[in-house]
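Only one structure is covered here, and it is reproduced in the block below.
Given the structure is predicted, the values throughout are model-derived calculations rather than measurements.
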Amino acid sequence: MAVSPTHLHLPSSSTLLLPSSSFISSIPSSPLSASTILTSTKLSSLRVRFSRRSIVRYNDHSGEEDEEDENEEENWSFEEAVSLFNKRDYYKSHDALEALWIRAEEPARTLFHGILQCAVGFHHLFNNNHKGAMMELGEGVCKLRKMNFEDGPFQEFERDVSAVLEFVYQTQLELAACSEDMCLTMDQSDRSYQLLGGYAAGESIYTLETVVDFNNGMCEKTSILFSPSSSSSEPTRVKLPTLAATNKHLIPFTGDDESF
């Protein structure tokens with residue numbers, strides 16, 4: 001069973017640069033891959049930049065821990081599932097959402113299912129299964145659209161996930177370097193996802209970049225970068241979705257049911 005990534009940092013070098021107002025961290029998104037992390041911190045009139053190599057690894061639970069997880073499955077809360085999603089522990093978030101989905105009734109059942117499939121989609125994306133990512137994100141967005149959100153955190157989440165799906169789709173088209181005729185047949189159907197998803201399959205072409213703005217209350221912004229090794233151009237990016245929903249936002253879909 002996969003768990004949250006463990007980062008092992010190996011210091012390699014440090015340099016002094018000109019002033020800067022932001023802290024930037026590029027995080028590798030695939031298991032058992034390594035890349036250089038560059039971080040910078042504003043210190044008076046100097047910016048200190050440290051270079052580290054980071055290994056991101058998914059460790060397996062022991063059998064004893066698996067038994068504990070199974071005993072806790074029925075006790076997941078919605079806010080715990082959301083917290084896991086926002087921490088990018090998509091695998092465990094899926095487990096929590098699945099437990100909620102099993103015991104829910106409509107319309108909350110469809111809502112949980114949609115968010116669940118988005119969690120699976122992001123798990124696939126950052127494990128280099130691009131086809132699986134597009135399929136699951138597409139299914140998740142379809143279910144969320146059925147809810148007909150007018151505003152609020154769920155509508156924002158649906159919008160942001162839709163933007164990621166479009167981003168992955170368009171970058172897969174770029175990888176395919178398809179002719180105009182072929183591109184015309186790519187209509188974002190399941191079939192087109194299957195055709196495109198084979199390009200760069202297994203390669204780490206989507207990474208994460210987190211920018212912390214020290215001049216704006218330490219505000220963090222995390223983006224998905226499309227950065228294939230074959231490209232020398234500036235990476236394109238899209239916002240990484242998070243869900244800002246709590247139990248009170250569930251009330252329109254669950255009534256007075258407090259079991260979530």
Nearest-0.5 Å distance that lies between atom [atom1] in [X] and atom [atom2] in [Y]:
| X | Y | atom1 | atom2 | answer |
| --- | --- | --- | --- | --- |
| His113 | Cys118 | NE2 | SG | 10.5 Å |
| Leu97 | Tyr90 | CG | OH | 12.5 Å |
| Leu225 | Thr236 | CG | OG1 | 7.5 Å |
| Glu80 | Asp95 | CD | CG | 12.5 Å |
| Asn86 | Glu79 | CG | CD | 11.5 Å |
| Gln170 | Leu165 | CD | CG | 10.0 Å |

Do [X] and [Y] have side-chain heavy atoms sitting under 4.5 Å apart?
| X | Y | value |
| --- | --- | --- |
| Glu150 | Gln155 | no |
| Leu84 | Tyr91 | no |
| Leu111 | Phe149 | yes |
| Val168 | Val238 | no |
| Leu144 | Ile115 | yes |
| Pro228 | Glu174 | no |
| Trp101 | Arg109 | yes |
| Leu243 | Phe154 | yes |

With sequence neighbours excluded, tell me which residues meet ring pair (Phe, Tyr, Trp, His ring centres under 6.0 Å) with [X].
| X | value |
| --- | --- |
| Phe167 | none |
| Phe157 | Phe85 |
| His124 | none |

message = Taking side-chain hydrogen bond (donor to acceptor under 3.5 Å, both in side chains) as the definition, give me every residue that meets it alongside Glu98, ordered by chain and number, with sequence neighbours left out.
response = none
request  = Hey, can you tell me if Phe112 and Phe78 have their rings parallel, tilted or perpendicular (30° and 60° cut-offs)?
outcome  = tilted
inquiry  = Using the side-chain contact (heavy atoms from CB on, under 4.5 Å) criterion, which residues pair with Glu156? Sequence neighbours excluded.
reply    = Arg159
inquiry  = Holding to side-chain contact (heavy atoms from CB on, under 4.5 Å), I want the full list of residues that pass it with Thr110, two or more places apart in sequence or in another chain.
reply    = Glu106, Lys143, Met147
If you look at every heavy atom in [X] and [Y], which pair is closest and at what distance?
| X | Y | answer |
| --- | --- | --- |
| Ser227 | Thr207 | OG-OG1, 3.6 Å |
| Ala244 | Pro153 | O-CB, 3.5 Å |
| Ser223 | Arg237 | CB-CB, 4.1 Å |

query = Given Arg88 and Leu240, is the side chain to side chain contact (heavy atoms under 4.5 Å, CB included) satisfied, shown in steps?
reply = CA-CA 10 Å; Arg88 302 194 289 275; Leu240 178 71; 3.5 Å; yes
request  = Step by step, work out the side chain to side chain contact (heavy atoms under 4.5 Å, CB included) result for Gln172 and Ile205.
outcome  = CA-CA 10 Å; Gln172 288 289 308; Ile205 59 175; 3.7 Å; yes
ask   = Can you hop from Ile102 to Leu100 via hydrophobic side chains spaced under 4.5 Å?
value = yes
inquiry  = Would the distance check show the side chain of Ser93 and the main-chain N or O of Asp89 forming a donor-acceptor pair, the cut-off being under 3.5 Å?
reply    = no
key: Intermediate values then yes/no, side chain to side chain contact (heavy atoms under 4.5 Å, CB included), Trp76 and Arg103   = CA-CA 11 Å; Trp76 288 112; Arg103 69 174 190 256; 5.6 Å; no
